[in-house]
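Shown next, in structure tokens, is the structure this report addresses.
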Amino acid sequence: MNGLDIDKARYTTKTTYAREELETNIVHIGFGAFHRGHQAVYNDLTNDITGSRWGICEINMFGPSALIDDLKAQNGLFTVVEKSATETETRLVRTVTEKIHTPDTGINAAISKLIEPQVKIVSLTITEKGYCVDPQSRVLDTANPLIAHDLENPTQPQSAIGLITEALKQRKALGLPAFSVMSCDNIPENGHLTRDAVLHFAELCSPDLSAWIEDNASFPSTMVDRIVPAMTADQFDVIEQETGYRDPCGVVCEDFRQWVVEDNFVAGRPDWAAAGAMLVEDVLPYEEMKLRMLNGSHSFLAYNGTLAGYEYIYQCMQDEELRQVTLTLMKEEQAKSLSPSLSVDLEQYAELLVARFSNQNIKHKTGQIAMDGSQKLPQRAVDPFLTLHDRGIATRCLPVLIAGWMHYVINTIKSGEALVDPLAEQFADIVSSTEDKSLVAETLLNIEKVFGDNAEQHKLFKQQILSAFERIEENGIKAMFAELTH
Ligand code: NAI
Ligand code: CS2
């Protein structure tokens, strides 16, 4: 079947609302795997259940054009295959109205879309590094090449922050209302971080604009959760087996999904609660729980699982000791580092996470999660470590998370493989500067963008991480897992 034959594919679940009634009220930046398996599904279901007709314009600002071309060929339709350990559900998602790949169209196509009067929400899944902020200080990095370019050429932005600011500037000039900017990336207080980045950028362009944005736009934070691995040829085979159609825009993901959204929208929003989202006043406790317990454990498994030779997360869970260590990290460290305001049973949450990680139908590569560690470690490892220390609670697994990252960085660079991280060049310089691995580890720990000044200020922080690094070096990672289970 070719791209136009998606209508003939088999689905167990398909919404039935009139697609021709959709209005493009949402513009989404970052048409990656996650958005397809998460926000697009919620929105599609919400249209069906509530009778609303919120359509989404998908924008990609980076990457090859094939995905958006394929999406156009399929008239915006795509497949989501949801797999539990035992069941499969196949879904056709019908909520996408328009598609833009700015490297092809030029950025003006995106700006024009964002300034259409009916646009009420601009949402984002652009990865942690897409916000161009310093991961430790969370301040806009004006030295980032994209931001530096956009400050010089604000009407022709290359960054998402520059694009949003330019669109808001033009809406102001046209007398149009602002929109809400909703980040769906794995960053603590993602909405507030986006707001600060946009206001900072706008302030540098025009203080008037910054004040207008502050008064008129909103930046809700969200906690987003669904494991949607990057697609591989095997997973396209799965889609074909399940639906009869090898959908180039399809994704295979777990059956679980969760979305907690700060209810702060200046121009309205769909009733996503109808599809299971939680609309709350304060997302922070949920975000913190998920980022530390789920994502923190994911990073632990990404680095240390790779060192142990595991390619997939479910394989890590088949290693009894590593599974135990993961539960210990979740229950004894991450859970104890949280703000006490949440009435969630954290023991049960940890058990659920391990069950989700164990799902053999989800081929989530440790190497995928290992990417961009510099952008992830502050919230997943450094912050909880410091909180536990303040609370006088022992940290045994968190130093091993960071030490595992160091070994991963060193091994990857030494083996000549490409390390995917915005700071990869800096890491490579450090690794090649000496043969003394301990010295490399110590120097990595001094990178302020990742660790702040903790290595200098916090004796135990440095000591524990370097000691874990040495023990992995001397005894191997499996001995470390054994040590942590006793
Ligand atoms: P992906 O690699 O499939 O898509 C990444 C998207 O980000 C692409 O559309 C790309 O064009 C865009 N992008 C990258 N750098 C950018 C930049 N500087 N400016 C603007 N756009 C940029 O990745 P995927 O799986 O969609 O994940 C994206 C993010 O979603 C993650 O980094 C995470 O924050 C969040 N997320 C992912 C989950 C998952 O399981 N995949 C689950 C929960 C959250
Ligand atoms: C993962 C997340 O890639 C990563 O860093 O930890 O994308 C994870 O799969 C999701 O947050 C699950 O919701």
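Here, residue 1 is the first one in the sequence, and each next residue gets the next number. The structure presented is a predicted model; accordingly, all values stated were derived computationally and were not measured. One-based numbering, in listed order, for ligands and for the atoms of each.
Those atoms of ligand 1 with a heavy atom of G130 less than 4.0 angstrom away are 17 (C), 18 (N). When each atom of ligand 1 is checked for a heavy atom of F31 under 4.0 Å away, the hits are 9 (O). For ligand 2, the atoms lying closer than 4.0 Å to a non-hydrogen atom of K290 are 10 (C), 11 (O), 12 (C), 13 (O). For ligand 1, the atoms sitting less than 4.0 Å from at least one non-hydrogen atom of V228 are 39 (C), 40 (O), 41 (N), numbered in the order shown with element in parentheses. Applying the 4.0 Å criterion to heavy atoms of V224 picks out, from ligand 1, the atoms 44 (C). Shown in contact with N186 at under 4.0 Å from a heavy atom are these atoms of ligand 2, numbered in order with element: 2 (C), 7 (O), 10 (C), 11 (O). Heavy-atom proximity to H364, at under 4.0 Å, picks out these atoms of ligand 2: 9 (O).
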For the pair E98 and T24, evaluate side-chain hydrogen bond (donor to acceptor under 3.5 Å, both in side chains) and give the outcome as yes or no after the intermediate values. CA-CA 8 Å; E98 297 174 68; T24 305; 2.6 Å; yes
Please step through side-chain contact (heavy atoms from CB on, under 4.5 Å) for the pair E448 and D134, ending with a clear verdict. CA-CA 9 Å; E448 286 209 5; D134 180 301; over 6 Å; no
Take I107 and Q158, measure what side-chain contact (heavy atoms from CB on, under 4.5 Å) needs, and give me the verdict at the end. CA-CA 8 Å; I107 197 68; Q158 293 178 349; over 6 Å; no
Evaluate R292 against S337 for side-chain hydrogen bond (donor to acceptor under 3.5 Å, both in side chains), listing each step before the verdict. CA-CA 9 Å; R292 293 186 184 178; S337 77; 3.0 Å; yes
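When only interatomic distances are considered, the shortest N/O to N/O separation between A33 and ligand 1 falls below 3.5 Å. Taking distance alone, with nitrogen or oxygen atoms compared against 3.5 Å, Q368 stays at or beyond that limit from ligand 1. Every N/O-N/O distance between R356 and ligand 2 stays at or above 3.5 Å. Residue E128 has no N or O atom closer than 3.5 Å to an N or O atom of ligand 2. Below 3.5 Å of separation, one finds an N or O of E128 facing an N or O of ligand 1.
One finds a salt bridge joining E351 and K331 here, because a Lys/Arg side-chain nitrogen approaches an Asp/Glu carboxylate oxygen to under 4.0 Å. A salt bridge links R246 with D237: the closest approach of a Lys/Arg side-chain nitrogen to an acidic carboxylate oxygen falls below 4.0 angstrom. Using a cut-off of 4.0 Å between Lys/Arg side-chain N and Asp/Glu carboxylate O, R396 and E332 are scored as not salt-bridged. Under a 4.0 Å N-O distance rule, the pair R91/D44 does not qualify as a salt bridge. Salt-bridge check for R356 with D225: passed, with a basic side-chain N closer than 4.0 Å to an acidic carboxylate O.
In this structure, atom 12 (C) of ligand 2 lies nearest to the protein heavy atom D225 OD1, 3.3 Å. Closest protein heavy atom to atom 44 (C) of ligand 1: N186 ND2, 3.3 Å. Nearest protein heavy-atom neighbour of atom 8 (C) of ligand 1: N60 OD1, 4.0 Å. Ranking protein heavy atoms by distance to atom 4 (O) of ligand 1, first place goes to G32 CA, 3.3 Å. The protein atom (non-hydrogen) at minimum distance from atom 6 (O) of ligand 2 is H298 ND1, 2.8 Å. For atom 2 (C) of ligand 2, the nearest protein heavy atom (residue, atom name, distance) is N295 ND2, 3.5 Å. The protein atom (non-hydrogen) at minimum distance from atom 25 (O) of ligand 1 is F34 N, 3.5 Å. Looking at atom 5 (C) of ligand 1, its nearest protein heavy atom turns out to be T127 CG2, 3.8 Å. Counting protein heavy atoms only, atom 3 (O) of ligand 2 is closest to K376 NZ, 3.6 Å. Protein heavy atom nearest atom 19 (N) of ligand 1, with residue, atom name and distance: F62 CE1, 3.2 Å.
For atom 2 (O) of ligand 1, no protein non-hydrogen atom is found at a distance below 4.0 Å.
Of all the heavy atoms of I227, the ones lying under 4.0 Å from any atom of ligand 1 belong exclusively to the backbone. Residue-level proximity to ligand 2 for R257 is absent, since no heavy atom of it falls below 4.0 angstrom. No part of H38 comes within 4.0 Å of ligand 1, judged by heavy-atom distances.
Residue contact annotation: Q375 has no non-hydrogen atom under 4.0 Å from ligand 2. Residue contact check for ligand 1: I29 places no non-hydrogen atom closer than 4.0 Å to it.
The cationic group of R257 lies under 6.0 Å from the six-membered ring centre of Y42 and within 45° of the ring axis, placing it in a cation-pi geometry.
When each of I227, V224, T127 is tested with F34 by the rule side chain to side chain contact (heavy atoms under 4.5 Å, CB included), just one qualifies, namely V224. For the side chain to side chain contact (heavy atoms under 4.5 Å, CB included) test with W54, the passing option among T46, N25, L22 is N25; the others fail. The one candidate from H38, Q39, E82 that meets the side-chain hydrogen bond (donor to acceptor under 3.5 Å, both in side chains) condition with R226 is E82.
The backbone N or O of T412 sits nowhere less than 3.5 Å from a side-chain atom of E417 that would complete a donor-acceptor pair. No side-chain donor-acceptor contact under 3.5 Å links R195 to the backbone of A217.
For the residue pair K99 / N60, no side-chain donor-acceptor distance below 3.5 Å is found, with atom types taken as modelled.
When L163, D185, T125, I126 are checked for heavy-atom proximity to atom 29 (C) of ligand 1, D185 turns out nearest.
Checked against the 6.0 Å centroid threshold, H364 and Y314 do not count as a close aromatic pair.
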